[in-house]
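Order of appearance sets the numbers: ligands from 1, and atoms from 1 within every ligand.
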Amino acid sequence: MKFKNTLFLLLIFSSTCILSSQQYNDDLGSDFHKKKRQEFRNQMPANSIAFFFTAPIMKRSNDTDFMYHQDPNYYYLTGWREPHGVLVIFKDNQQDDNGFYNEILFVRERNEYREMWDGKRLGLKGAKNMNFDRVLLRSDFIENSIKIEDFSNVLNMNIRDDVRDFKDDKYDLYNIQNKFLEIINSKSFSDNLGDLKREFKNTSVDNIMSSLRQKKDSLEIKLLTKAIKISSLAQIEVMKAIHGEMTEREIQGIHEFIYRKYGAAHEGYNSIVGAGANSCILHYVTNDDINIDNQLILMDLGAEYRGYTADVTRTIPVNGKFSVEQKEIYDLVYRSQEEAIKKAVVGNTFSDIYTESLEIISTGLIRLGIIDDASEARKYYPHGVSHHIGLDVHDPGSRTLEKNMVITVEPGIYIPENSDCDPKWWNIGVRIEDDILITDSEPINLSDDAPRSSNEIEKLMKQESPINQLVLPDING
Ligand code: GLY
Ligand code: MN
Ligand code: MN
């Protein structure tokens with residue numbers, strides 16, 4: 001294959017599909033995505049073109065893939081859920097025989113046989129219903145030869161290196177994406193542009209996407225609120241159901257069962273369910289301990305509802321009552337979080353929230369004799385306190401707060417075994433994490449349904465749970 005100034009790859013495409021088209025179940029709707037494309041276009045530099053590629057399919061093992069998940073930027077701008085597509089956005093109107101256009105969506109072709117195995121594809125017809133100026137097949141992306149040398153600036157996604165092996169797929173867009181970047185980054189390409197006397201730039205789409213995605217529209221807030229409500233409800237049900245004979249895995253299962261019961265398709269990230277020593281591992285996802293009685297259990301999970309993910313953590317005593325030491329640490333994190341949430345107001349920064357939470361934790365740890373000096377506090381509180389949530393659990397966005405951002409506030413204290421303090425504190429790990437909507441006035445805690453104070457938690461844990469009525473046969477003989 002040969003590349004010169006023009007993006008050119010030869011693929012022979014032939015496929016006739018007679019299957020009917022369908023629409024996705026998209027709560028945001030095609031108007032939302034169109035509006036976001038226009039907002040993106042408004043921020044594009046003069047005479048520029050932007051390329052977005054769908055997320056790759058990831059191999060799990062042998063011929064099995066991980067569940068497909070669209071790239072959040074791509075989903076935000078298109079609502080498109082299938083792989084093997086490209087979105088091209090032009091700053092300025094382009095013209096062809098059919099008139100003006102300023103965007104093209106390239107989609108995967110229909111394939112009756114593959115659809116029997118893997119499910120429906122929308123194809124050209126489905127895409128045409130979704131409000132794009134131009135819709136073409138992925139093979140057209142190759143053959144259509146968009147002349148990128150006509151543009152002064154090419155905006156790109158960051159390329160990934162974790163792509164499914166598609167050796168047997170001659171329409172593989174991921175090889176093409178790699179080739180594409182190779183071309184526009186190559187010296188010969190810029191030399192040729194030099195002949196054209198243009199200043200050429202290849203820049204990331206990240207800054208523009210971050211500026212758009214950081215503040216949520218009302219439709220997005222609605223979906224996030226639902227994801228957070230489902231996640232909080234799961235925390236409540238687990239608080240009622242948990243007992244010392246349960247395992248970490250079983251508790252994870254109860255959360256995730258409730259997510260699905262309320263229509264959430266996925267978890268927004270790998271669920272963290274760790275008791276005792278495991279509660280001190282910040283991103284513990286093994287969740288395979290079977291001896292959890294009389295310990296604190298840290299549960300950091302989030303339902304993903306229609307693409308938007310919650311991020312909620314509760315830490316509770318498995319036996320329903322905090323020990324003296326567990327309660328001291330828990331109440332300290334709780335107080336720190338209470339004060340930190342108050343700082344989540346327009347104009348403040350993540351750093352303002354963090355400083356408030358650290359100050360309270362440092363003072364408390366000194367009072368308890370766990371540290372001698374505030375400078376040691378980070379040993380037991382080693383992470384930041386806030387991030388944006390949205391289509392990603394760690395959504396892009398500014399560290400300065402504006403109205404309609406949704407962020408977490410999540411202080412924690414983790415005291416692993418052999419820490420330099422009285423062993424009575426060892427293996428206590430506490431994180432409390434809530435999802436906060438920034439408003440013109442007070443912050444709104446969207447995950448407030450799930451109790452947070454030690455008293456409220458102990459009270460709720462006394463309630464009966466319908467889950468404990470489910471008795472399954474013993475299969476161990
Ligand atoms: N669940 C990951 C985090 O809290 O950031
Ligand atoms: Mn978080
Ligand atoms: Mn979390």
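Contact annotation: Asp300 has at least one heavy atom less than 4.0 Å from an atom of ligand 1.
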- Task: Evaluate the criterion salt bridge (Lys or Arg N to Asp or Glu O under 4.0 Å) for residue pair Glu356 and Lys342; output intermediate values, then yes/no.
- Result: CA-CA 9 Å; Glu356 182 72 14; Lys342 292 181 190 158; over 6 Å; no

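Using a 4.0 Å cut-off between charged side-chain N and carboxylate O, Arg260 and Glu267 make a salt bridge. Classification of Lys229 and Asp449 as a salt-bridged pair holds, one side-chain N sitting under 4.0 Å from a carboxylate O. Using a 4.0 Å cut-off between a side-chain N of Lys or Arg and a carboxylate O of Asp or Glu, Lys216 and Asp395 qualify as a salt bridge. Of the charged side-chain nitrogens involved, at least one lies within less than 4.0 Å of a carboxylate oxygen, so that Asp217 and Lys35 count as a salt-bridged pair.
Counting only distances under 2.8 Å, and ignoring water, the protein N, O or S atoms around the Mn ion (ligand 3) are Asp300 OD1, Asp300 OD2, Asp311 OD1, Glu433 OE1.
For a threshold of 3.5 Å applied to N or O pairs, the pair formed by Arg431 and ligand 1 contains no separation below that value.
In terms of modelled atom types and a separation under 3.5 Å, the side chain of Glu115 and the main chain of Arg121 share a donor-acceptor contact.
Relative orientation of the Phe350 and His388 rings is tilted, given thresholds of 30° and 60° on the angle between their planes. In this structure, Tyr334 and Tyr330 have parallel ring planes: the angle between them is below the 30° cut-off, well short of the 60° mark.
Among protein heavy atoms, atom 3 (C) of ligand 1 sits closest to Asp311 OD2, 3.3 Å. In terms of protein heavy atoms, atom 5 (O) of ligand 1 is closest to His394 NE2, 2.7 Å.
Per-residue contacts place Tyr269 under 4.0 angstrom from the following atoms of ligand 1 (heavy atoms of the residue considered): 1 (N). Atom numbering of ligand 1 starts at 1 in the shown order; those under 4.0 Å from a heavy atom of His283 are 2 (C).
Tyr354 is linked by a ring-ring contact (aromatic ring centres under 6.0 Å, His included) to Tyr381, counting only residues two or more places apart in sequence or in another chain.
Within the 4.0 Å heavy-atom criterion, neither part of Thr408 lies near ligand 1.
If you run side chain to side chain contact (heavy atoms under 4.5 Å, CB included) between Glu248 and each of Thr286, Ile290, Ile272, Asp289, only Asp289 comes through.
The Mn ion (ligand 2) lies at 2.8 Å or more from every N, O or S atom belonging to His394.
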